[in-house]
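As structure tokens, the structure follows; a few thoughts come after it.
Values reported hereafter were calculated over all heavy atoms of this structure, with side chains retained and with hydrogens, waters and symmetry mates removed.
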Amino acid sequence: MMSNGERLHPAAILFNFIKVIKEALFAIILGFITFRDESFFYFILISSVLVILLIIYSVASWYRYTYRIEADELRVEYGIFIRKKRFISINRIQSIDLTAGVIHRIFNLVKVKIETAGSGMSSEASLTAVKLAEGERLRNELKKERTPLNDVEEQLVDEEPSYKISFKRLFLAGSTSGSIGIILALFAFVFSELEQFIPNRFYDNTVEWIIGLSLFFIIGLSIVVLILLWLFGIAGTMIKYGNFTITRNKDELFITRGLLEKKQLTIPLRRIQAVGIQESLIRQPLGYVTVFAEVAGGSMDKGEEFSTVLFPIMKADEVEDFLQELLPDYAKQPEELNPLPKRALKFYLLRATLPITLMFAAVLYFLPPFIWIPIVFFIGALFLGFLRFKDAGYDVEGKRLLLSYRTVSKMTMIIYHKRIQAFEKKQHKIQKAQELATMKLSIIAGLGGKHYTVKDMEERDVDLLSDWYSYRK
């Protein structure tokens, strides 16, 4: 046990400085734009003074930050002028995650994130830089494990079930991730922000050059750009999920992932609220899925902003064996689901095509030569609406509910009765005339909870599920 206060590694000074700079980045850019002409000298002078003050602040913050384990508590003291003390009972700790970025790995350091059930927007405590051995010792102490570990991988004993992603699967995950759309949106946002700094003459000359090119050259250039963006998407996925390994160790799942930033996540089984299987439009025809979990609590800086990925990509027929090894309560999949009634199809098609119909009318009125564009979108919307109808359904087995639905990707959620926080039946007049209803249920996950909706179900099926949820006979 540690009784005396320990300080972070001196590299924490650098991390504190970088953090403050990131938070003040907008003000720095604004100041540069404001004073870049006549008053640029004063901008440099003020910036130099601020940098010196920030360095002093970072050093003082590091010096005044101490931690120790005492009386089954983690005790953290920090604050330069106003001292703050945080006591975290070992019994309240839900997970202890170790993260190692590029700078951490250079100095053989880790960042320790400690979370409780009510961590909120950030971790309950975050030790930004400690030695790897110290981080492991802290984790063992806080988890009440006294066996020393020299390396993270040594704690994963051979008999524990473990899955590791292969390079081939990792490359396939990047190729089919669909991140090209995200990269395009990010590129468009960055360009819109930087456009004001591009000289008008350069901008006009570039536009004239592009207009003067042949159609075939523009198409070829577009293909090259798309290929480059696709390769960037592959690289991003491989960096994020490189060396992905998941292991069940007693009552926890232990996940290690990342090439540049190595993350080690601990998920207590009791915090898992639901297990999901995602099939994207690209991966579903190839027979591949992503398995994820909805976890109660957590924080925004945990690294999993939405759901926690249990395995980035695997064959659909491998999911049951995967869950049988790691989460056997969620393993058995029904052969068939209770589908939606055929009379619900028209509502799914109408909802999918209504926005495209409005776009069709606008294009027809203002840009008749481009009418083929909304026609293509209309056909795609019809197909998507049919898939949403076809993939929706449910199955109940004892106290376990399985829901299937689709927005763009097909989602299959496996939820136990005790995890459902609310059940709601919705029905408008048209649905009532058709004896249809919409079911919505909610669970605790992330920060705001998760909600699942299946529309236009058979009304008696919704009533049966309502009785199952409320224990009515």
Side-chain angles (χ1 to χ4, degrees), residues 1-9 11-12 15 62 64-79 83-101 104-105 107-157 160 245-258 261-272 293 295-304 308:
M1 283 285 186
M2 302 177 197
S3 56
N4 299 322
E6 301 282 344
R7 287 194 175 88
L8 303 177
H9 189 275
F15 294 117
W62 166 79
R64 297 282 284 171
Y65 192 107
T66 60
Y67 66 92
R68 67 183 187 276
I69 296 177
E70 186 176 309
D72 286 336
E73 288 181 333
L74 173 65
R75 301 184 176 183
V76 180
E77 298 185 19
Y78 58 98
R83 295 291 287 168
K84 298 179 182 179
K85 298 182 179 181
R86 178 171 289 179
F87 301 144
I88 305 171
S89 171
I90 289 178
N91 297 324
R92 290 183 57 238
I93 294 175
Q94 298 286 340
S95 66
I96 305 158
D97 301 332
L98 305 184
T99 303
H104 287 93
R105 297 174 77 171
F107 296 102
N108 197 29
L109 305 174
V110 293
K111 179 179 181 179
V112 183
K113 293 182 180 180
I114 298 159
E115 295 186 353
T116 63
S119 294
M121 294 295 290
S122 60
S123 302
E124 192 74 23
S126 182
L127 310 181
T128 53
V130 298
K131 283 288 186 181
L132 176 60
E134 174 70 3
E136 293 170 357
R137 186 156 73 105
L138 269 172
R139 181 166 59 187
N140 296 333
E141 290 286 349
L142 295 175
K143 291 171 65 175
K144 298 184 177 180
E145 295 176 6
R146 304 295 178 227
T147 305
L149 297 174
N150 296 324
D151 191 80
V152 175
E153 284 75 11
E154 291 181 12
Q155 69 179 314
L156 308 177
V157 293
E160 298 292 352
T245 304
I246 180 170
T247 302
R248 175 164 175 169
N249 188 7
K250 298 180 181 178
D251 294 327
E252 294 177 331
L253 294 178
F254 187 84
I255 296 175
T256 303
R257 66 170 175 83
E261 184 181 30
K262 185 177 181 181
K263 293 190 176 183
Q264 302 162 23
L265 309 177
T266 305
I267 306 172
L269 299 185
R270 64 180 181 274
R271 290 180 60 191
I272 295 178
V295 182
S299 62
M300 289 294 288
D301 60 3
K302 189 177 180 64
E304 299 292 341
T308 301

(Q) With rounding to the nearest 0.5 angstrom, report the CD1 to CD distance, I69 to E6. (A) 10.0 Å
**Q.** Nearest-0.5 Å distance, CZ of residue R271 to CG of residue D251
**A.** 14.0 Å
Q. Under a 4.5 Å cut-off applied to non-hydrogen side-chain atoms, are K85 and F87 in contact?
A. yes
Q) With a 4.5 Å heavy-atom cut-off, do V76 and Y65 have their side chains touching? A) yes
Q. Is R137 salt-bridged to E134, going by a charged N under 4.0 Å from an acidic O?
A. yes
Q: Kindly write out the residues that satisfy salt bridge (Lys or Arg N to Asp or Glu O under 4.0 Å) with E77, not counting sequence neighbours, or none if the list is empty.
A: R68, R83
Q.
So which atom in A129 and which in A12 form the shortest heavy-atom distance, rounded to 0.1 Å?
A. CB-N, 3.9 Å
Q) What closest approach, in Å, do V112 and G135 show between heavy atoms, and which atom pair accounts for it? A) CG2-CA, 4.0 Å
Q.
For the CD1 atom of I90 and the CD atom of E141, what is their distance to the nearest 0.5 Å?
A. 7.5 Å
Q | Straight-line distance of I96 CD1 to E252 CD, nearest 0.5 Å | A | 8.0 Å
(Q) Counting C-beta onward and ignoring hydrogens, is there a side-chain heavy-atom pair between D97 and K263 closer than 4.5 Å? (A) no
Q | Criterion side-chain contact (heavy atoms from CB on, under 4.5 Å) on K262 and T256, from CA distance to verdict | A | CA-CA 7 Å; K262 185 177 181 181; T256 303; 3.7 Å; yes
(Q) According to salt bridge (Lys or Arg N to Asp or Glu O under 4.0 Å), who are the partners of R248, at least two apart in sequence or on a separate chain? (A) none
Q) Which residues pass the side chain to side chain contact (heavy atoms under 4.5 Å, CB included) test with F107, sequence neighbours left out? A) I103, L109
**Q.** Side-chain heavy-atom pair K113, K111 within 4.5 angstrom cut-off
**A.** yes
Q: Tell me, with the steps shown, if D72 and N91 meet side-chain contact (heavy atoms from CB on, under 4.5 Å).
A: CA-CA 8 Å; D72 286 336; N91 297 324; over 6 Å; no
Q.
Taking the side chain as everything from C-beta on, heavy atoms only, tell me whether Y67 gets closer than 4.5 Å to L138.
A. yes
Q. What distance separates L142 CG from I88 CD1, expressed to the nearest 0.5 Å?
A. 8.5 Å
Q) Given side chains that start at C-beta, do those of I272 and L253 come closer than 4.5 Å, heavy atoms only? A) yes
Q.
If I take atom CZ from residue R64 and atom NZ from residue K84, how far apart are they, to the nearest 0.5 angstrom?
A. 13.0 Å
Q) Mind checking whether R7 and T66 have side chains closer than 4.5 Å, heavy atoms only? A) yes
Q: Report yes if some heavy atom in the side chain of V110 is under 4.5 Å from a heavy atom in the side chain of V130; otherwise report no.
A: yes
